[in-house]
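First comes the structure, then the notes that go with it.
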Amino acid sequence: MATTTGGKLVYRLEEGNASMSQLLGGKGAGVSEMARIGIPVPPGFVITTEACLKYYERGRKFPAGLWDTIVQSMHHLEAESGKEFGGKGNPLIISVRSGAPISMPGMMDTVLNLGTNDVTVLGMAKLMGNERPALDAYRRFIQGFANIVLGIEKDKFESLLDQAKEKRSLKFDYELQPDALRELIGNFQDVVKEIAGHPVPQDPWDQLRDAIQAVFSSWNNPRATTYRQHYGISHDMGTACVVMGMVFGNLGPDSGTGVMFTRNPATGEKALYGDFLVNAQGEDVVAGIRNTQSILSLQQDSPDLYRQLEEKARSLEGHYREVQDIEFTMESGKLFILQTRTAKRTAASAVKIAVDLVREGVITREEGIGRVVPDEIAQVLLPRFDVEAKAKALKDGKRLAQGLGASPGAATGVAAMDPNTAVSIAELGKKVILVRPETSPDDVHGIIKAQGVLTSRGGMTSHAAVVTRGLGKPCVVGCEELHVDLEARTATANGTTIKEGDVISVDGATGEVFVGSVATFSPNPAELTELNTLLGWADEVRTLKVWANADTPEQAKEARAYGAEGIGLCRTEHMFFAEERLPHIQRLLTVGTEASRLLRNAEQLTATLEKAPATELERLNALLSETNANLASSEAVKAFYEELTKLEAFQAEDFYGILLAMEGLPVVIRLLDAPLHEFLPRYVDLVKEVAVLEATGASGDELEGKKRIRDVVEELIEINPMMGHRGCRVGVTMPEIYEMQVRAIVSAAAQLTKEGHAVHPEIMIPVVSHVNELHFLHDRLEKVAESTRVLFNVDLSHKFGTMIEVPRAALTASEIASVAQFFSFGSNDLTQMTFAYSRDDAEVKFLREYVERGVLPVDPFTTLDVKGVGRLMRIAVEEGRTANPELEIGICGEHGGDPKSIAFCHSLGLNYVSASPFRVPVARLAAAQSTLGQLKLAE
Ligand code: ADP
Ligand code: MG
Ligand code: MG
């Protein structure tokens with residue numbers, strides 16, 4: 001562990017302040033600040049995190065001088081409070097509290113009522129004017145000390161407590177009378193003696209030393225360690241230890257304890273929110289033993305207390321200029337604040353609170369923009385459970401299991417135990433939840449058709465988690481209490497079994513799983529007034545534009561509603577998968593090889609002829625007419641053109657729709673990218689079908705047809721299709737396909753222009769690695785574009801540009817920028833090729849482990865790898881802009897919706913990021929935070 005510079009190891013509360021949480025822990029800094037500004041807190045002192053680190057360095061021993069300083073501080077505390085530690089008449093009773101620099105709620109330990117023993121309890125009773133609360137505090141102390149310092153399970157004491165109440169037919173702890181409490185204390189000590197070999201010490205100084213050591217040790221208890229691992233918090237900080245006088249909330253009806261938020265953490269509403277428990281100590285509120293009453297109800301029941309709370313809440317909120325989560329205790333009518341910290345809140349409430357605080361003049365607009373975590377905005381827009389429907393489901397005991405909320409949003413549907421079943425249920429028009437032990441790339445088609453995903457295994461970076469987050473679909477993972485039986489097609493948890501076909505509901509924000517349906521609703525983005533206000537402020541600040549990836553007019557409209565300022569990626573391959581289109585592209589590909597061989601021959605011959613010496617002309621001309629005759633009579637060529645014409649009509653319709661939906665804004669259309677075999681049946685299936693036809697003696701035609709397809713597909717098989725014949729490589733070898741797409745784009749745009757719509761198509765070439773690919777395509781495609789435009793006789797311009805997704809393209813950006821008018825980083829492929837990871841393989845085989853074991857700091861497919869991939873991007877931006885100052889540069893990989901990656905894109909000076917429609921609001925806020933320097937760059 002790191003050692004910090006030596007210094008004071010103990011601070012009196014008056015010596016600390018809010019800025020010292022690294023040294024005093026969040027709790028210590030908070031109580032110090034409150035003491036400083038005159039909020040009533042019990043007197044005390046803080047032992048620093050540095051002391052804790054030194055304690056570990058010395059092999060769990062106090063560093064030299066620490067104990068003496070603590071003793072001195074205790075004497076100071078005695079003087080301050082006028083009480084004596086271990087004293088008979090007026091004993092000082094304290095709490096010894098843990099508190100790390102970063103809030104880790106409930107993960108570490110605190111010992112209350114320390115200083116009670118057989119003697120001091122008598123003095124306490126006299127002071128309190130009542131024996132019961134003194135004995136109650138003593139009994140609590142033994143229980144707490146035994147548990148936290150001696151590691152004895154709580155259950156042992158809880159069952160003795162229950163027996164004591166049962167024996168006397170009592171319901172509540174505070175009903176136990178002194179005799180019963182004395183008996184209980186004796187029994188508690190017997191248990192401790194039996195298990196630990198000695199009772200809880202009587203000497204308060206021994207109690208104190210042991211408790212401080214236990215607090216230090218709780219920094220490394222398994223709960224805290226796991227928590228830090230999960231949230232990526234450093235293990236090197238240590239915890240501070242706050243020692244302070246006890247205030248007693250258990251002295252009677254004008255005493256009590258509670259927790260309050262200065263605004264509603266669920267809705268953001270400006271009203272106190274929380275729970276109060278009369279005649280109780282702090283821990284009882286969370287323990288849920290007795291019914292608490294809401295803070296708001298105090299307005300009627302204890303108006304005086306309510307007024308005091310309201311006043312303290314507002315002054316703390318005003319002081320911190322942020323919503324607070326406050327622990328308090330009332331001792332015989334006097335209010336003490338024991339803790340204050342920034343309140344954790346839902347995304348929706350974070351947005352409302354930020355906007356309200358700006359409007360109230362508490363914070364500036366810029367601060368308001370910085371108060372909301374961009375990723376959380378997506379949650380505000382997602383479907384969620386209707387609050388009442390969920391409450392009813394809980395009440396009816398419909399909660400099946402609890403997992404990790406991996407991708408927020410709520411969904412209800414029929415459980416399907418494999419992706420194919422999910423697809424067939426979805427095709428019947430029913431909603432599906434895919435339930436699996438875990439998922440892999442083989443499940444993706446099912447995930448796409450499902451409303452949500454539930455897996456029993458896997459963590460926040462599991463395949464299911466990553467894929468669903470990308471898709472914006474609800475997902476619960478790591479639901480370990482759920483046993484998914486793929487044979488029996490059931491899932492069982494906590495004694496309840498659901499069968500495939502049963503309806504279940506999942507909440508990907510909380511990780512809850514319910515049996516049956518729970519009503520959900522989707523917020524309408526237009527109605528989210530506060531969110532739109534915040535995003536409006538963000539739009540005024542940011543310099544980076546936000547575009548969206550959308551393939552259809554519907555998606556484009558959705559993206560626009562979310563505030564997209566253009567389409568950064570419109571993929572064309574999906575357009576070919578539609579049922580009525582697939583046969584055409586299949587036939588095109590089946591004849592494509594043969595047709596393009598003939599077409600290329602003719603082209604080559606024409607080119608040779610142009611440069612040929614006179615002596616050769618006659619021979620070459622004869623050859624050309626023969627070739628042309630072959631072309632004219634070729635069935636393959638005929639079919640090739642027939643299908644191109646049909647597909648062009650479909651494509652023109654697609655482009656018309658999307659360009660219209662984005663009227664006035666740029667639309668980047670990527671020409672065909674996918675490896676060709678993705679459009680064809682699988683080879684193994686065809687081999688089987690041929691075998692079946694042969695065995696059943698099917699007709700010659702049918703058999704021959706099948707065989708032909710089989711042979712074509714066999715020819716198209718590639719060892720590594722992602723690096724094979726795809727993208728511009730198909731464009732170069734079969735230029736007619738790209739030419740057809742360009743004709744469709746330009747004719748749709750021209751038609752729209754004629755109809756009076758302003759449209760801005762941008763034609764994008766994928767998988768370029770060498771400038772010559774671009775030269776070749778640019779020459780051919782611009783000719784087609786121009787002739788199409790002339791045909792429509794309209795004024796229309798478009799841009800011609802390329803993806804930068806192959807490292808070589810980034811490294812030769814200045815050459816590429818001499819042809820391209822725009823670059824768009826295809827950061828998924830660029831990451832794959834820079835790391836030499838095949839994403840689908842990496843994600844299932846090793847990437848998760850890499851991240852868990854710290855081999856990689858983050859999943860580079862989620863957050864841009866700045867050092868490697870980012871360096872290539874920087875080269876491309878700098879060299880590209882030098883060669884072509886007008887160059888427009890954006891990013892269209894999934895990173896375009898990731899806040900940290902957006903901060904990096906901003907720093908590179910990109911013109912825009914392009915994200916999935918539902919991530920557009922996230923990107924708008926992240927872009928503004930980048931401009932304001934509020935967002936940390938990806939590392
Ligand atoms: P945690 O971090 O788990 O909340 P705390 O140190 O805040 O642990 O204490 C646990 C409970 O004991 C809280 O309800 C707190 O308000 C209460 N508590 C802590 N110190 C005192 C004290 N000096 N007097 C009365 N109650 C206290
Ligand atoms: Mg607390
Ligand atoms: Mg790509």
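Note that ligands are numbered from 1 as they come in the structure, with each ligand's atoms numbered from 1 the same way.
- The salt bridge (Lys or Arg N to Asp or Glu O under 4.0 Å) contacts involving residues 240-252 comprise nothing, where partners must be two or more places apart or lie in separate chains.
- With 2.8 Å as the limit, Gln339 counts as an N, O or S neighbour of the Mg ion (ligand 2).
- With sequence neighbours left out, the side chain to side chain contact (heavy atoms under 4.5 Å, CB included) criterion links Ile94 to Met74, Leu77, Phe85, Leu92, Val96, Leu114, Leu208, Val243.
- Residues meeting the side chain to side chain donor-acceptor pair (under 3.5 Å) test with Asn250, sequence neighbours left out: Asp136.
- By the 4.5 Å heavy-atom criterion applied to side chains, Gln177 and Glu131 are not counted as neighbours.
- Counted by atom type alone, Arg60 and Ser217 present one or more donor-acceptor pairs between their side chains at under 3.5 Å.
- Among the heteroatoms counted here (N, O or S) of Glu327, OE2 is the one nearest to the Mg ion (ligand 2).
- The residues lining ligand 1, counting any heavy atom closer than 4.0 Å, are Lys27, Ser95, Arg97, Thr110, Leu112, Met244, Gly245, Met246, Val247, Gly282, Glu327, Leu338, Gln339.
- When the options Arg263, Arg321, Arg314 are evaluated for a salt bridge (Lys or Arg N to Asp or Glu O under 4.0 Å) with Glu360, the one that passes is Arg263.
- The closest side-chain heavy-atom distance from Phe172 to Lys165 is not below 4.5 Å.
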